[in-house]
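Written out below as structure tokens is the structure these notes cover.
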Amino acid sequence: MTEPKEGSGADRWRDNNLRRLNELKARGINPFPYKFERTHTSKQLQEKYKDLEANVETEDVVSVCGRILNERNSWMFVDLYDEDGKIQLFFHKESVPAEQLEILKSLVAKGDHIGVTGTIRRTKAGELSVRVKSFEILSVALLPLPLSWDGFTDVEARYRNRHVDLIINPEVKEKLQKRSIAIRALRNFLDERGFFEVETPVLQVEAGGADARPFVTHHNALDIDLFMRIATELHLKRLIIGGFEKVYEIGRIFRNEGISTRHNPEFTMMELYQAYGDYHQLMDFTEEMVRHVANAVCGTTKITYQGVEIDFGKAWRRVSMYEVIREVTGIEVEKIKDFDEAKKIAGELGIKLEYEATIGEVANTIFENKCESTLMQPTFLMDHPVEISPLTKVHRAKPGVVERFEVFIYGREHCNGYSELTDPLDQRGRLEDQARKREAGNEEAQPLDLDFIEAMEYGMPPTMGIGIGIDRLVMLLTDSASIRDIIAFPTMKPHARQ
RNA sequence: GCGCCCGUAGCUCAGUGGUAGAGCACUCGGCUUUUAACCGAUUGGUCGUGCGUUCGAAUCGCACCGGGCGCACCA
């Protein structure tokens, strides 16, 4: 938000509120006191008195507090909002001391926090209310809230002033609360199964574990550039090598790439690794885990996302990438002999390949362009080309592919899991291939992390591992079209202050 | 990075070449005292920024800033 301008409406508004503030101080009232003892939240009262009939008055004394967002009938009725909802306050001149009523009407405004004590009643109109006997100001607001009938809808203003957005638009808080519930459910699920939650470095000398461009930062004392992590994978595997058998990390990942409704430069990923398991076991585990989270957030495993019913409850389809390509395009990747033929086939589909690629890379491009968007229901897309999977064990039976899966829902990738590559010699060769691609100009190819390779040479047990994009999962569970709707403070370009 | 669209009062929006407007909010007043989302009055704007075109620009042109959506990249 821009600073209030000289003489502007906001400025005058603030002046009025400053006068209000000073008058309170002059009367010996602290406009910013230290605490308030409440007996109930609005939600607790609504629940406790849900059967109280209209026009019935009780002797029950309660104390509630919150922010005033609306007032009717010259402050006879006030809507008080707390974290869980709202409760109506009833200020009647026969109940509230005259001096307090005068303060309410002249020195309290919408946006202020107050605490009240009074008795419970339900009005003739059916609204549960507190008949106020006394109140105190808990905080005075200097700036106006956008309390218009038409709401507060300007997307930019909402993201830049999320605190205001939260006050005005209840669904914002609901979604962020659901995000918290989802992460808690995930933790509970893993903790109950004997996983340790661990923390690995955000600042790294080499940013590996994924194909993405990192953010660069600088350490002054060491005088070296460091990269912000793009994945937690390599360090978590080093913990497996070190003897942890079940670990996970829920952490912020940073990728220096485009911003869109599905991408924020910093986002949250959960990665878990379990020794002695393979990707088949991991798929069973993943289904169960996502169902657990969906139940915790939505109370069901059948949800609606952007008008499409998504059913986590049924067994998720498990299908290989090449099978999906065959279904959608009729192309049999296994029968492609060389790159020239692959290039020709891609060209017929309208896909241009700008660099010399392998057959596997072409197949992946075909999948991304033609097949990805068709996978609406939860699907394990399995057995990717080895060239695009440098950290994954080769398939035990099929040549040229690896034991990997990605979970697609609503045509979007949500998880990436595999039978982890544990052969250090194979791993060295794969990362050397990646390093060559980097030298050839592919900035997303993975770096050669020699510390990681050396760690593997101490011996790594068979391991299954998966990364889940928490933001995208929460988008699904809250039916959010944009990733910004489930991130409290999404990345924004700074707006020049005037 | 590319394309399309958007930026006018605190909020939501009209105004498309000729005196900057409305509703809500705010301030003041009235009426009412178990619903007022009422009535009246006042107040509030470098029309995102800059440079042009023009007798005259919120309006037309160019550039820039910020945003939305789509594409690309990617998760």
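In what follows, every heavy atom counts, from backbone to side chain, and hydrogens, waters and symmetry copies are set aside. Throughout, a chain's letter reflects where its sequence line sits, starting with A, and its residues are numbered from 1.
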At 4.0 Å (heavy atoms only), tell me whether [X] reaches a base, stays on the sugar-phosphate, or touches nothing.
X	result
A:Gly258	base
A:Arg121	base
A:Ser74	base
A:Phe77	base
A:Asn55	nothing

Look for any protein N or O under 3.5 Å of an N or O in nucleotides 25-29 of chain B and output each such pair with its distance, or none.
from	atom 1	to	atom 2	distance (Å)
B:rC26	OP1	A:Lys110	NZ	3.4
B:rC26	O2'	A:Asn16	ND2	3.4

Can we say [X] and [Y] salt-bridge, meaning some charged N sits less than 4.0 Å from an Asp/Glu carboxylate O?
X	Y	answer
A:Asp471	A:Arg179	yes
A:Glu287	A:Arg318	yes
A:Glu403	A:Lys393	no
A:Glu102	A:Arg27	yes
A:Lys175	A:Glu171	no
A:Asp433	A:Arg430	no
A:Lys48	A:Asp60	no

Length of the [atom1]-[atom2] vector between [X] and [N], whole Å:
X	N	atom1	atom2	answer
A:His92	B:rU35	NE2	C1'	12 Å
A:Glu271	B:rA75	CD	P	12 Å
A:Asn161	B:rC11	CG	C1'	12 Å
A:Arg14	B:rC11	CZ	C1'	19 Å
A:Ile466	B:rA75	CD1	P	14 Å
A:Gln306	B:rG70	CD	P	10 Å
A:Leu391	B:rA75	CG	P	13 Å
A:Leu89	B:rU35	CG	C1'	14 Å

Which is more 5' along RNA chain B, the nucleotide nearest A:Gln88 or the one nearest A:Asp154? Just name the residue.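 The residue closer to the strand's 5' end, by nearest nucleotide, is A:Asp154.
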Residue closer to the 5' end of RNA chain B, A:Asp471 versus A:Met76 (nearest nucleotide):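 Whichever sits nearer the 5' end wins; that is A:Met76.
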With hydrogens left out and only the distance checked, is there a donor-acceptor pair under 3.5 Å joining A:Thr153's side chain and the base of B:rU12?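 Answer is no: no donor-acceptor pair is held.
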At less than 3.5 Å, do the side-chain atoms of A:Arg131 and the base atoms of B:rU34 form a donor-acceptor pair?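 Check passes, donor-acceptor contact within cut-off.
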Take atom [atom1] in [N] and the same atom in [M], then report the distance between them in whole Å.
N	M	atom1	result
B:rG7	B:rU49	C1'	11 Å
B:rC39	B:rC24	P	7 Å
B:rC13	B:rA20	C1'	14 Å
B:rU35	B:rG30	P	23 Å
B:rC11	B:rC55	C1'	38 Å
B:rC47	B:rA9	P	10 Å
B:rC73	B:rA25	C1'	44 Å
B:rG45	B:rG21	P	13 Å

Who pairs with [N] - Watson-Crick or G-U, where each distance is under 3.5 Å:
N	result
B:rA75	none
B:rU59	none
B:rU34	none
B:rC4	B:rG68
B:rG29	B:rC39
B:rG17	none

For nucleotides 67-69 of chain B, print each protein N/O atom paired with a nucleotide N/O atom at under 3.5 Å, atom names and distance only.
from	atom 1	to	atom 2	distance (Å)
B:rG67	OP1	A:Lys493	N	2.9
B:rG67	O4'	A:Glu156	OE1	2.9
B:rG68	OP1	A:Arg484	NE	3.4
B:rG68	OP1	A:Arg484	NH1	3.4
B:rC69	OP2	A:Arg484	NH1	3.1

Residue A:Arg255, side-chain atoms from C-beta onward, closest of B:rC13, B:rU34, B:rA75: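 In terms of side-chain proximity for A:Arg255, the closest of B:rC13, B:rU34, B:rA75 is B:rA75.
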Residues two or more places apart in sequence or in another chain: which of them pass side chain to side chain donor-acceptor pair (under 3.5 Å) with A:Asp150?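 By the side chain to side chain donor-acceptor pair (under 3.5 Å) rule, A:Asp150 matches no residue at all.
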Side chains of A:Ile68 and A:Asp79: does their closest heavy-atom pair fall under 4.5 Å?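 No - every pair of side-chain heavy atoms lies 4.5 Å or more apart.
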Taking the six-membered ring for Trp, is the centroid-to-centroid distance between A:Trp75 and A:Phe91 below 6.0 Å?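 No, the ring centres sit 6.0 Å or more apart.
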Derivation of the salt bridge (charged side-chain N to carboxylate O under 4.0 Å, His left out) call for A:Lys237 and A:Glu271: CA-CA 10 Å; A:Lys237 284 182 179 174; A:Glu271 285 195 41; over 6 Å; no
Taking everything shown except A:Arg213 itself, do over 12 heavy atoms lie less than 6.0 Å from its CZ?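 Incorrect, the count does not exceed 12.
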Contact under 4.0 Å: A:Arg262 side-chain N or O vs B:rA75 OP1/OP2: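 No, no such contact exists.
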